[in-house]
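Chain identifiers are assigned alphabetically (A, B, ...) following the order of the sequence lines, protein sequences preceding nucleic acid strands; residue numbering begins at 1 within each chain.
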There are 2 protein chains.
Amino acid sequence: MALNQKSLAKILQHAETLCKQREVRLTPQRSKVLELVCAADGPIGAYEILDRLRQTIGNPAPPTVYRALDFLLEQGLIHKLESLHAYVGCSHPDHPHASQFLICSDCGDVREIESSGIADSLRQAQKNTGFKAKRPVVELLGTCARCQISNDRKV
Amino acid sequence: MALNQKSLAKILQHAETLCKQREVRLTPQRSKVLELVCAADGPIGAYEILDRLRQTIGNPAPPTVYRALDFLLEQGLIHKLESLHAYVGCSHPDHPHASQFLICSDCGDVREIESSGIADSLRQAQKNTGFKAKRPVVELLGTCARCQISNDRKV
DNA sequence: TTTTGGGTGTTACAATATATCATTCATCAG
DNA sequence: CTGATGAATGATATATTGTAACACCCAAAA
Ligand SMILES: [Zn+2]
Ligand SMILES: [Zn+2]
Ligand SMILES: [Zn+2]
Ligand SMILES: [Zn+2]
């Protein structure tokens, strides 16, 4: 789901506003990395970001990318897909939320969902156990609706 | 939570029974890796397993460990903690279930939970989206009850 | 016996991530 | 303005995690 220019600009501007509010610095580099993540046609790995960054900045090294990613993660502007070692832009960075993803192993499609049911059950589990989550990770690895249909056809 | 000898033997025997039922081969190597994972004092990385394996088998290489881990994962005898790149024994390998973990960043403690609420909400989300999960990953990264208390004291 | 398929041994390598130290830059107290 | 402070960046090297590829072994089937 490649973003068009307009929504990309919107996202970047929104990020800038958020960071200003929070009094943290969205530097040019961090902004550029956010742009690359959001403009990517799906989840993108750190080294792929690094490659694309080379076309803008002179000879960046891995730490450059990882530092920017760390910042963006902390600010909730992107999510990390732990099971893919890849990053995606957050579709609603305003409010903090559990990162919930449906990841199709067949077509590679990744979809962020925001199920209040899941959020509630996670909250309840925390209440029951006294655990306090800072970064909830929910990743459902499987087959998306579309791929199930096309798989069925083949059989 | 280091296991005592008795429960470790029990787990291994149980695994053997399960594999026999399923007509898959729990070879000595696979069994040994399962033992190492279960006997470990918490989540254990592949290369740590490799090191400990050296004390039993002559000069094993990474693929040896990863192959065994793949098998054990498929059989649901262990879980992979994606956010830690580490493995833990499953506390109830009889029935398939969503892997749900509370991971304390302060003390490193990892606890597998089996919340039916979470399981239900995941099922519901799949129903709503038409997605079919093969491997659900739920990892709550945060602070356990005990660490919250001791952290509070310090402040 | 030949074939076949799963499991293993071995080497080399790919992909992901971090440690460390030097340098730059904005900010602010004096 | 000046020097001090801390955050951000640059740069090099290295650690950690995970696979590809190919040869070999062995048990079960044909
Ligand atoms: Zn999000
Ligand atoms: Zn799909
Ligand atoms: Zn389990
Ligand atoms: Zn703790």
Should B/Val138 and A/Val137 count as side-chain neighbours, where that means a heavy-atom distance under 4.5 Å? no

For atom [atom1] of [X] and atom [atom2] of [N], their distance in whole Å:
X       : N      : atom1 : atom2 : answer
B/Leu69 : D/dT17 : CG    : C1'   : 12 Å
B/Glu48 : D/dT16 : CD    : P     : 11 Å
A/Leu26 : D/dT9  : CG    : C1'   : 15 Å
A/Glu23 : D/dG6  : CD    : P     : 18 Å
B/Gln29 : D/dC25 : CD    : P     : 16 Å

Partners of [X] by salt bridge (charged side-chain N to carboxylate O under 4.0 Å, His left out), sequence neighbours excluded?
X       : value
A/Glu16 : none
B/Arg52 : B/Glu48
A/Arg54 : A/Asp51

Under 3.5 Å, sequence neighbours excluded: what are the donor-acceptor pairs made by side chains of residues 80-91 of chain A?
{"from": "A/Glu82", "atom 1": "OE2", "to": "A/Arg135", "atom 2": "NH2", "distance (Å)": "2.6"}
{"from": "A/Ser83", "atom 1": "OG", "to": "A/Glu139", "atom 2": "OE1", "distance (Å)": "2.4"}
{"from": "A/Ser91", "atom 1": "OG", "to": "A/Glu112", "atom 2": "OE1", "distance (Å)": "3.0"}

Are there any protein N/O atoms within less than 3.5 Å of an N/O atom in nucleotides 26-30 of chain D, and if so, which ones and at what distance?
none

Does D/dA11 have OP1 or OP2 sitting under 4.0 Å from an N or O in the side chain of A/Thr64? no

In short, salt bridge (charged side-chain N to carboxylate O under 4.0 Å, His left out) pairs touching residues 66-76 of chain A with sequence neighbours left out are none

Please identify each residue that fulfils side-chain contact (heavy atoms from CB on, under 4.5 Å) with B/Thr17, with sequence neighbours left out. B/Gln21

List in chain and number order the residues that pass side-chain contact (heavy atoms from CB on, under 4.5 Å) with A/Asp120, two or more places apart in sequence or in another chain; answer none if no residue qualifies. A/Arg123

If you look only at distance, which donor and acceptor atoms sit under 3.5 Å apart when one is on a side chain in residues 100-107 of chain A and the other is two or more places apart or in another chain?
{"from": "A/Gln100", "atom 1": "OE1", "to": "A/Ser115", "atom 2": "N", "distance (Å)": "2.7"}
{"from": "A/Gln100", "atom 1": "NE2", "to": "A/Ser115", "atom 2": "O", "distance (Å)": "3.3"}
{"from": "A/Ser105", "atom 1": "OG", "to": "A/Gly142", "atom 2": "O", "distance (Å)": "3.3"}
{"from": "A/Asp106", "atom 1": "OD2", "to": "A/Asn151", "atom 2": "ND2", "distance (Å)": "2.8"}

For residues 23-71 of chain A, which residue pairs pass the ring-ring contact (aromatic ring centres under 6.0 Å, His included) check, not counting sequence neighbours? none

Opening and closing nucleotides of DNA chain C in contact with chain B, under 4.0 Å to non-hydrogen atoms: C/dG7 to C/dT11

Would you mind building the protein contact string for nucleotides 18-23 of chain D? One character per nucleotide, 5' to 3', B for base within reach (heavy atoms under 4.0 Å), S for sugar-phosphate only, - for untouched. BBBB--

Strictly under 6.0 Å, is that where the ring centroids of A/His92 and A/His14 end up? no

